[in-house]
Amino acid sequence: MSPTLDEIRRAPKVLLHDHLDGGLRAETIVDLARECGYDRLPTTDPGNLRQWFEEASDSGSLERYLETFDHTVGVMQTRESLVRVAAECAEDLAADGVVYAEVRFAPEQHTTTGLSLDQVVEAVLEGFRIGSEGRGIRVGTLLTAMRHMARSMEIAELAVRYRDVGVVGFDIAGAEAGYPPTRHLDAFEYLQRENAHFTIHAGEAFGLPSIWQAIQWCGADRLGHGVRIIDDISVAEDGTAKLGRLAAYVRDKRIPLEMCPTSNLQTGAAPSIAEHPIGLLRRLHFRVTVNTDNRLMSSTSSSMEFAKLVEAFGYDWDDLQWFTVNAMKSAFIPFDERLALINGVIKPGFAQLKWQP
Ligand SMILES: O=c1[nH]cnc2c1ncn2[C@H]1C[C@H](O)[C@@H](CO)O1
Ligand SMILES: [Zn+2]
């Protein structure tokens, strides 16, 4: 029997790629807009707003997808709003059965009414603390720098400054074409000298050169998306696959791929779930993980991403556990803490579902 959505919700899941400003509740956006006087929302009806985000994000272009964030970032400019959004994020993930999450956001986008970068980070950390308490979830924070801007060094320093109080790593995001990762080389070299962890959005809206730079020039620990690694793999008619040098390197080094299937359909990085490269990459034993990217824009959750994969590829509990253990192994928290979650929470949780669904 295939795992059902309800059963998947009860499985202990791990989420490595989720944007704080892409996961707000529609009701909260409407409340916050009213409170702060933000008057540019396309509608103030939460149901219509939820639908607007999903439709506006479904253009097949990453650039247009990113325009929708003006409205979420627009209402996240005060300490109170950041605490609330982060607390609700932790609550929503816990309610979906996520036991460990790394949630990212770009502090530089939340300073328009005068908050400092440090105040922004402290507000978000406080929100995660409040929302996680007593809910069986641990949330680590990733600080993102926007790739079209020039503040990555500052944000990298911020990530190092807050590394012992909840920030577990760094990332760059935003439009990919025209903004190669090497634009931020100084920040990545600084992080490496600091023994800090980072992931890079690469191979989503641009192909192999972006992935190659992220790994071989910048030293990324993980790839955000990385779907286009498929361009370096050829599959013969009998199903045998031949890996190019970059794809082989990514697989040999066990570089984690933070795959976000629904998001990729909306930005045009994949044509359908059934044709999504995740099927082949899982079969070839790349270190694949399953993620949400932006739960609001994609109207999704960790459980729903898994359910879609079960439907498209016929995955069973062993497959779902494999993705989950992959993700936990790839997290940016210390090794002993990852192991404790794998052996103490993930394996027992899946065992229970496998034997008593
Ligand atoms: O999938 C994505 N690719 C590139 N950038 C993204 C993606 N999803 C969200 N972002 C951007 C928009 C947000 O404002 C920013 C920080 O979370 O990251
Ligand atoms: Zn992303």
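These numbers come from a predicted model, not from an experiment. All heavy atoms count here, side chains included; hydrogens, waters and symmetry mates do not. Both counts, for ligands and for their atoms, begin at 1 and track the order of listing.
A side-chain N or O of Thr262 and one of Glu305 form a donor-acceptor pair less than 3.5 Å apart. No side-chain donor from either of Asp118 and Ser116 sits under 3.5 Å from a side-chain acceptor of the other. The closest side-chain donor-acceptor pair between His184 and Tyr179, if any, does not fall under 3.5 angstrom. Side-chain contact check for Thr112 and Gln77: at least one donor-acceptor pair (N or O, by modelled atom type) lies under 3.5 Å. In this structure, a donor-acceptor pair under 3.5 Å is absent between the side chains of Gln266 and Ser57. Side chains of Ser303 and Asp96: a donor-acceptor N/O pair is present below 3.5 angstrom, by distance only.
At a heavy-atom cutoff of 4.0 Å, ligand 1 is contacted by the side chain of Leu66 but not by its backbone. Under 4.0 Å from ligand 1, not a single heavy atom of Thr267 appears. The side chain of His225, and not its backbone, has at least one atom closer than 4.0 Å to an atom of ligand 1 (non-hydrogen atoms only; side chain from C-beta on). Neither the backbone nor the side chain of Leu20 has a heavy atom within less than 4.0 Å of ligand 1.
Heavy atoms of Gly22 stay at 4.0 angstrom or farther from ligand 1.
Residue contact annotation: His225 places no N/O/S atom under 2.8 Å from the Zn ion (ligand 2). Within the coordination shell of the Zn ion (ligand 2), defined by N, O or S atoms under 2.8 Å, Cys260 is absent.
Of all protein heavy atoms, the one closest to atom 8 (N) of ligand 1 is Asn294 ND2, 3.0 Å. Protein heavy atom closest to atom 9 (C) of ligand 1, with residue, atom name and distance, is His19 CE1, 3.2 Å. For atom 5 (N) of ligand 1, the nearest protein heavy atom (residue, atom name, distance) is Gly174 N, 2.9 Å. Looking at atom 14 (O) of ligand 1, its nearest protein heavy atom turns out to be Asp21 OD2, 2.5 Å.
In summary, of the residues considered (Lys13, Arg104, Arg295), a salt bridge (Lys or Arg N to Asp or Glu O under 4.0 Å) with Asp18 occurs for Arg295 alone.
Close approach to Leu62 involves these atoms of ligand 1, each under 4.0 Å from a residue heavy atom: 3 (N). Atoms of ligand 1 lying under 4.0 Å from at least one heavy atom of Phe105, given by number and element, are 17 (O).
With the Zn ion (ligand 2) at the apex, His19 NE2 and His17 NE2 define an angle of roughly 100° (rounded to 10 degrees).
Classified by interplanar angle (parallel below 30°, tilted 30° to 60°, perpendicular above 60°), the ring pair Phe69/His19 is perpendicular.
Considering Gln109, Glu204, Glu176, Glu258 only, the shortest heavy-atom separation from atom 3 (N) of ligand 1 involves Glu204.
The N, O or S atom of Asp293 with the smallest distance to the Zn ion (ligand 2) is OD1.
Polar contact with ligand 1: absent for Ala106 (N/O pair, distance under 3.5 Å).
Checked for salt-bridge contact, Arg25 and Glu88 meet the test: a charged N lies under 4.0 Å from a carboxylate O.
In the displayed structure, Arg163 atom CZ is contacted under 6.0 Å by more than 12 heavy atoms of other residues, nucleotides or ligands.
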